[in-house]
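Okay, structure first, notes after.
For the numbers below, each heavy atom of this structure counts, side chains included, while hydrogens, waters and symmetry mates do not.
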Amino acid sequence: TALMDVKFGNKLERFDAHAFGECKSLERITIPLKDGMITNDNTFLQCDNLNRVDLVEVNLHKTIAALHFEDWRNDMNEEIYSINQ
C-alpha cells in the first residue's frame, strides 16, 4: 500500500534530509507549525504528487495548497514570525 496522506502531531520536532525523499505517492501531509521543522530542502525531494501541506498549531489550522517548496521555507518562517508577534 502506498503512503498518500500522513499526519503528525505537535510533539514532532523536525524532519531531517530526505525524510520523505522519493515518496512519489504522497499527496498530503499534516505537520506542526514550528520553527526549524524542515531542516533541509531535500526533505520532500521528488515527491511529485505532494500538493497539500496542512500546518497545525494548537488553535490554528492553515492549509497551503499548491505549495512551491523552493519558497516554502521563507513562507513558513514568515508565518511563524507573524504568529509569534
Side-chain angles (χ1 to χ4, degrees):
T1 306
L3 181 65
M4 297 174 68
D5 185 353
V6 66
K7 296 177 183 177
F8 294 95
N10 285 334
K11 293 184 180 181
L12 181 69
E13 293 297 320
R14 72 174 185 272
F15 291 112
D16 290 326
H18 304 287
F20 290 92
E22 298 185 38
C23 188
K24 298 180 187 300
S25 62
L26 185 62
E27 296 177 357
R28 180 179 179 178
I29 188 168
T30 302
I31 60 174
L33 180 61
K34 293 182 180 179
D35 190 25
M37 179 60 62
I38 305 299
T39 60
N40 189 292
D41 290 340
N42 293 329
T43 300
F44 297 99
L45 184 67
Q46 296 181 2
C47 292
D48 300 332
N49 290 314
L50 182 59
N51 58 32
R52 182 170 169 162
V53 175
D54 294 332
L55 303 174
V56 179
E57 188 57 25
V58 178
N59 292 319
L60 171 76
H61 184 94
K62 181 172 183 171
T63 300
I64 300 175
L67 186 64
H68 298 282
F69 286 104
E70 53 274 330
D71 297 328
W72 188 56
R73 188 172 197 88
N74 292 336
D75 292 344
M76 191 171 200
N77 285 335
E78 289 175 16
E79 277 292 328
I80 291 168
Y81 179 78
S82 69
I83 288 169
N84 289 331
Q85 293 304 310

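- By the 6.0 Å contact criterion, NZ on Lys24 is enclosed, its count of non-hydrogen atoms from other residues, nucleotides or ligands being greater than 12.
- Under the rule for a side chain to side chain contact (heavy atoms under 4.5 Å, CB included), the partners of Glu27 that lie at least two apart in sequence or sit in another chain are Met4, Asn49.
- For the atom pair Leu26 CG and Leu3 CG, the distance stands at 5.5 Å (nearest 0.5 Å).
- For the residue pair Pro32 and Gly9, the shortest heavy atom distance occurs at CG-O, 2.9 Å.
- Of the inter-residue distances, the one linking Leu45 atom CG with Cys23 atom SG reads 12.0 Å to the nearest 0.5 angstrom.
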Quick one: do Met37 and Leu12 satisfy side-chain contact (heavy atoms from CB on, under 4.5 Å)? Show the steps, please. CA-CA 8 Å; Met37 179 60 62; Leu12 181 69; 3.8 Å; yes
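- Evaluation of the salt bridge (charged side-chain N to carboxylate O under 4.0 Å, His left out) rule for Glu13 yields Lys34 as partners, not counting sequence neighbours.
- Between Asp54 and Ile29 the shortest side-chain heavy-atom distance does not fall below 4.5 Å.
- Cluster membership for Ile80 and Leu55, using ILVMFWY side-chain heavy atoms within less than 4.5 angstrom, is shared.
- Every residue meeting the side chain to side chain contact (heavy atoms under 4.5 Å, CB included) condition with Ala19, not counting sequence neighbours, appears here in chain and number order: Phe15, Thr43.
- A parallel orientation is assigned to the rings of Phe44 and Phe20, their planes being inclined by less than 30° (bins at 30° and 60°).
- Between the CD atom of Glu22 and the CG atom of Asn42 there is a distance of 10.5 Å, given to the nearest 0.5 Å.
- Under the 4.5 Å side-chain heavy-atom criterion for grouping Ile, Leu, Val, Met, Phe, Trp and Tyr, Val6 is connected to Leu33 within one hydrophobic cluster.
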